[in-house]
Amino acid sequence: MAESKIQTVPNPSRVGSDTSTLRRDPNRLFGKGASVIRAAALGDLGSQRDLRAACYHRITAPAASDVWLVDLAMIEGLVLARLCAAHGDETDARALAAYLLLGASIVNEIGTEQFTNLAENYGAEALSILEDLACVGDEEAAVNANSLIALLPPQVLEKAQRLSRLEVIT
């Protein structure tokens, strides 16, 4: 069998201080969605939220029977939820908590010890986020946190308490 070799070719589209080395957008297969992906990558919160919502729809849609698509959407959606929450809006922090809980539910169904631990970590992080929001007066988050406290097992509550005590220097 003959070996196939890919050769590198100097990129004629690279000019001056432009940091792009690609002639074509690697996300072009998404059609018009490629511009949304690019805007999200450049920090556009609206585009990040649109992509997060699209992932959520892919996870929760009745036709979400392809497990690998659901898993991929969960991973992408969680990353997008984290990016959105990093902008500092309480609504996005609640959405991150919701994604974490959805992720906990999905991975908990797998049932192995490793995935059970991941589900617990997701649940603890979600609870910690909701408690932080409740501490600054978010009543919806307080209601959701109290509901979670009633549902989550003690080891998850303990993990959430440890997370809540963490201080992060920004």
Side-chain angles (χ1 to χ4, degrees), residues 19 25-27 30-62 64 66-110 114-170:
T19 58
D25 184 346
N27 291 307
F30 286 97
K32 293 179 183 175
S35 62
V36 176
I37 292 169
R38 179 152 178 78
L42 295 173
D44 181 67
L45 180 57
S47 295
Q48 291 172 354
R49 286 175 174 160
D50 289 346
L51 291 171
R52 179 188 68 200
C55 288
Y56 184 82
H57 177 72
R58 212 178 324 156
I59 295 166
T60 59
D66 289 328
V67 174
W68 72 272
L69 283 176
V70 171
D71 291 347
L72 183 59
M74 182 62 224
I75 293 165
E76 290 178 351
L78 184 54
V79 170
L80 288 160
R82 288 190 187 285
L83 288 174
C84 292
H87 287 273
D89 188 278
E90 291 176 6
T91 303
D92 294 316
R94 275 195 308 276
L96 173 56
Y99 250 101
L100 288 162
L101 291 172
L102 181 59
S105 173
I106 290 171
V107 298
N108 196 44
E109 290 178 12
I110 297 170
Q114 179 181 7
F115 284 104
T116 299
N117 190 46
L118 180 59
E120 289 178 358
N121 291 342
Y122 281 174
E125 185 179 356
L127 178 57
S128 179
I129 290 167
L130 292 171
E131 287 177 335
D132 286 349
L133 289 168
C135 286
V136 295
D138 186 328
E139 292 181 26
E140 182 182 344
V143 168
N144 291 331
N146 286 328
S147 297
L148 273 179
I149 289 169
L151 295 173
L152 294 173
Q155 69 271 18
V156 177
L157 299 178
E158 184 180 318
K159 286 180 180 185
Q161 287 176 343
R162 285 196 311 257
L163 284 174
S164 292
R165 288 192 299 263
L166 288 177
E167 291 294 323
V168 178
I169 300 171
T170 56

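Just the heavy atoms: all of them, side chains too, but no hydrogens, waters or symmetry mates, feed the values below.
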- Distance col, row Cys55:SG vs Leu69:CG, nearest 0.5 angstrom, shows 11.0 Å
- Query: Does Ser147 reach the main-chain N or O of Val143 with its side chain, forming a donor-acceptor pair under 3.5 Å?
  - Reply: yes
- Query: Is there a side-chain contact between Asp92 and Gln48, using heavy atoms and a 4.5 Å cut-off?
  - Reply: no
- Taking it one step at a time, do Asn117 and Lys159 satisfy side-chain contact (heavy atoms from CB on, under 4.5 Å)? CA-CA 11 Å; Asn117 190 46; Lys159 286 180 180 185; 2.7 Å; yes
- Task: Indicate the atoms forming the closest heavy-atom contact of Gly123 with Val156, along with that distance.
- Result: C-CG1, 3.9 Å
- Task: Report the distance from atom CG of Leu96 to atom CG of Asp89, rounding to the nearest 0.5 Å.
- Result: 12.5 Å
- Task: Not counting sequence neighbours, list each pair that qualifies as a salt bridge (Lys or Arg N to Asp or Glu O under 4.0 Å) and has a residue in residues 124-137.
- Result: Arg82-Glu125
- Side chain Ser164, main chain Ala160, donor-acceptor under 3.5 Å: yes
- Task: Would you name the heavy atoms of Leu127 and Ala145 that are closest together and state the gap between them?
- Result: CD1-O, 3.7 Å
- Message: Rounded to the nearest 0.5 Å, what separates atom OG in Ser47 from atom CG in Leu80?
- Response: 10.5 Å
- Could you tell me whether the side chain of Leu133 reaches within less than 4.5 Å of the side chain of Arg94, counting heavy atoms only? yes
- From CG (Leu101) to CG (Leu148), nearest 0.5 Å: 5.0 Å
- Query: How long is the span from the CZ atom in Arg52 to the CG atom in Leu45, to the nearest 0.5 Å?
  - Reply: 8.0 Å
- Note: Tyr56 and Tyr99 closest approach over all heavy atoms is N-OH, 2.8 Å
- Item | Distance-minimising heavy-atom pair for His87 and Gly43 | CE1-O, 3.3 Å
- Item | Side-chain touch Ile106/Ile59, heavy atoms, less than 4.5 angstrom | yes
- Task: Indicate the atoms forming the closest heavy-atom contact of Tyr122 with Gly103, along with that distance.
- Result: CD1-C, 3.6 Å
- Query: Below 4.5 Å, heavy atoms only, C-beta onward: do Val107 and Met74 meet side chain to side chain?
  - Reply: no
- What is the distance from atom CG of Asp44 to atom CZ of Arg49, rounded to the nearest 0.5 Å? 10.0 Å
